Amino acid sequence: MLFFIFISLWIIYTDLRYRKIYNKDLIVILIVAALHHRLHYLAPAIVLLIIGSAVLKKVGAGDLKLLALIVAMKASYLELINSITAIVIASSALLIFYLIRHRQLKIRVPMAPALCVGLLI
């Protein structure tokens with residue numbers, strides 16, 4: 001769990017600083033999850049990637065891959081619902097913060113902080 005906290009903090013930092021979620025960070029999470037037998041929901045994750053690719057203009061590719069990884073790592077339906085709820089709450093808070101701070105609607109909000117909250121819950 002401590003590893004996921006550190007990698008989540010790193011992903012949050014790179015997304016806020018460079019607006020990019022690096023594939024190498026996601027591959028590290030995937031390898032660690034596979035080694036610890038934490039990959040459970042692979043089919044929904046693949047469906048999410050396929051559907052998300054169709055709407056890629058609205059969501060970044062790194063954000064989509066991180067969300068698919070989160071879905072794949074959840075062990076039960078309840079954990080999945082809790083993570084999605086945390087992501088929605090954190091996303092809403094980030095969106096409100098950015099809209100108040102920048103006072104415009106055409107801004108790309110970094111999703112990694114919200115997604116990492118969902119990863120850790």
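Here the structure is a predicted model, which is why all the values come from computation and not from measurement.
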Report summary line: Of all heavy-atom pairs linking D63 and A112, the shortest is OD1-N, 4.1 Å
Report task. Grab the two heavy atoms, one from L39 and one from L42, that are nearest each other, plus how far apart they are. Result -> CB-CD2, 4.3 Å
Query raised in the report: Given a cutoff of under 4.5 Å between side-chain heavy atoms of I, L, V, M, F, W and Y, with clusters grown through shared members, what are the other residues clustered with L35?
Result: I27, I31
**Report entry** Contact check, side chains of I29 and D25, non-hydrogen atoms, under 4.5 Å
**Finding:** no
Query - 4.5 Å side-chain heavy-atom contact, K20 and D15 - result: no
Query raised in the report: Roughly how far, to the nearest 0.5 Å, is the CG atom of L66 from the CG atom of L26?
Result: 5.5 Å
Requested in this report: Can you tell me which residue pairs pass the side-chain hydrogen bond (donor to acceptor under 3.5 Å, both in side chains) test with a partner in residues 78-90, sequence neighbours excluded?
Outcome: K74-S83
Query raised in the report: What are the two closest non-hydrogen atoms of H40 and M73, and how far apart are they?
Result: CD2-O, 3.8 Å
Query raised in the report: Can you tell me how far the CG atom of L115 sits from the CD1 atom of I12, to the nearest 0.5 Å?
Result: 9.5 Å
Query raised in the report: What distance separates F4 CZ from H36 NE2, expressed to the nearest 0.5 Å?
Result: 6.5 Å
Query raised in the report: Do the side chains of C116 and I7 get nearer than 4.5 Å, heavy atoms only?
Result: no
Query - ILVMFWY clustering at 4.5 Å (side-chain atoms), partners of L78 - result: none
Report summary line: Closest non-hydrogen contact found for V71 with A45 is CG1-N, 4.0 Å
Query raised in the report: Do I70 and I89 belong together in a cluster built from hydrophobic side chains that touch within less than 4.5 Å?
Result: no
